[in-house]
Amino acid sequence: MTSRQRAHASEGRAGEAYAPAKRSLGQNFLVDPNIAAKIVSRLGITATDTVIEIGPGRGALSGHILAAGPRAYLALEKDRELAARLPLAHPGAHPALVDALRLDWSRLDRLPGVKLIGNLPYNIASPLLWDICAGSALFGRGVFMVQHEVALRLCAAPGGRQYGALTAWTSAFARLEYCFKVPPTVFRPQPRVDSAVVAITPLPAKERPDDPASLSALLKKLFSLRRKQLAGILKPFWTDALARSCADLGIEARDRPEVLSPKQFCALGKLLKTRQPS
Ligand code: SAM
C-alpha cells in the first residue's frame, strides 16, 4: 500500500460512524472547539512537554494539544474502539488501552514535569484525582474538566459546605484552582449537570504529607461524622494532653472537621499516630 493509499484508508476509518456513547464509561463528548481550545490553553504546553491525556474519547482535545507542539502526546483510553481510532484522526497521538483507575501514578515521577489533561468521566473523577494528587509529586500541571459540584468541592476553603475529605486530601498535596464553568450544551450526549475546569499543581515535596496513609484514614473517619465535634469523634484518644497539643495547633475540642485546614489534619494525624485509645 502506498503512503497515499494508507492515508486514504485512515481517513476512511476515521470518518466511519462511532459506536453510540457508553454511559458506563461516562462518555459525554465535547463538541465545541472553542471550549476545547480554552481548556488546552490552560495547560500552557511548550515544545519540551510530554502531555498525557486521560480519556481522549473521539479526540475533542487532541488536535488542540498537538497544535500546541508538545514533544510527545500519550493518551490513556479504556474504550478499545476509541483508543484504536484516535491516531487515525490525529496521527501524532499515541494511545494506550488503559484503565486510568488502575494506574500507579507514582510512576509518573519518572517523567518529571509531565503535563496531564482530561475531560474526566464524572463517575471516576473524584477517586482518580485523589490518586493522582497523592501518587505523583513531580507532574508539572494538570487541567481537568469535572462535574461542577466536584470542582467546587476540590477548590473549597475550610468552613464551608463543599469542604470535605476530597478537598483536604487533594489540597494537602497540591494547589487547586477553579478555572471556568462549562454548560451541558457543549457535549453530546448532553449531561444533566454543569461542568467546570480545574487546574492542579503539586506542592513541593517538603510541603506534602509525610504519612499519607494515616491522613487518609483520619479524613475518612472525621468526615464520615462531619456534623460532630472533634472531641466526640476522637473520644477514645481525647485526653488533656492531646487537647493541649491540639490547642497549640489552633484546634479546639468543639471544632467540627470541616473547619480544619489540610495542614491541621496532617498535624492531627501525626499526634494521633503516637497515641493509644484510653
Ligand atoms: N476527551 C473527550 C472529550 O472531551 O470529548 C472524551 C471525554 S469523555 C467525558 C471521557 C472519556 O474517558 C471517554 O472517552 C471514556 O471512554 C474514557 N474513560 C472512561 N473511563 C475511563 C478509565 N477508567 N480510564 C481511561 N479512560 C476512561
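Every number for a ligand or one of its atoms is a count from 1 in the order of the listing. Since the structure is predicted, the reported quantities are computational estimates derived from the model, not experimental observations.
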Engineer: Identify, chain by chain and in numerical order, each protein residue with a heavy atom under 4.0 Å from an atom of ligand 1.
Structural biologist: Leu25, Gly26, Gln27, Asn28, Phe29, Leu30, Glu53, Gly55, Pro56, Gly57, Ala60, Leu76, Glu77, Lys78, Asp79, Leu82, Val98, Asp99, Ala100, Asn119, Pro121, Ile124
Engineer: Tell me every residue that passes side chain to side chain donor-acceptor pair (under 3.5 Å) with Ser62, counting only those two or more places apart in sequence or in another chain.
Structural biologist: Tyr73
Engineer: Is any NZ, NE, NH1 or NH2 atom of the basic residue among Arg227 and Glu258 found under 4.0 Å from an Asp or Glu carboxylate oxygen of the other?
Structural biologist: yes
Engineer: By the salt bridge (charged side-chain N to carboxylate O under 4.0 Å, His left out) test, which pairs, at least two apart or in different chains, include something from residues 34-52?
Structural biologist: Arg42-Glu177, Asp49-Lys115
Engineer: Report the hydrophobic cluster partners of Tyr122, with the cluster defined as I, L, V, M, F, W, Y residues connected by side-chain heavy atoms closer than 4.5 angstrom, directly or transitively.
Structural biologist: Val193
Engineer: Could you check whether atom NZ of Lys22 has more than 12 heavy atoms from other residues, nucleotides or ligands sitting under 6.0 Å from it?
Structural biologist: yes
Engineer: Kindly confirm or rule out a cation-pi arrangement of Arg85 over Tyr18, judged by NZ or CZ under 6.0 Å from the six-membered ring centre and within 45° of its axis?
Structural biologist: yes
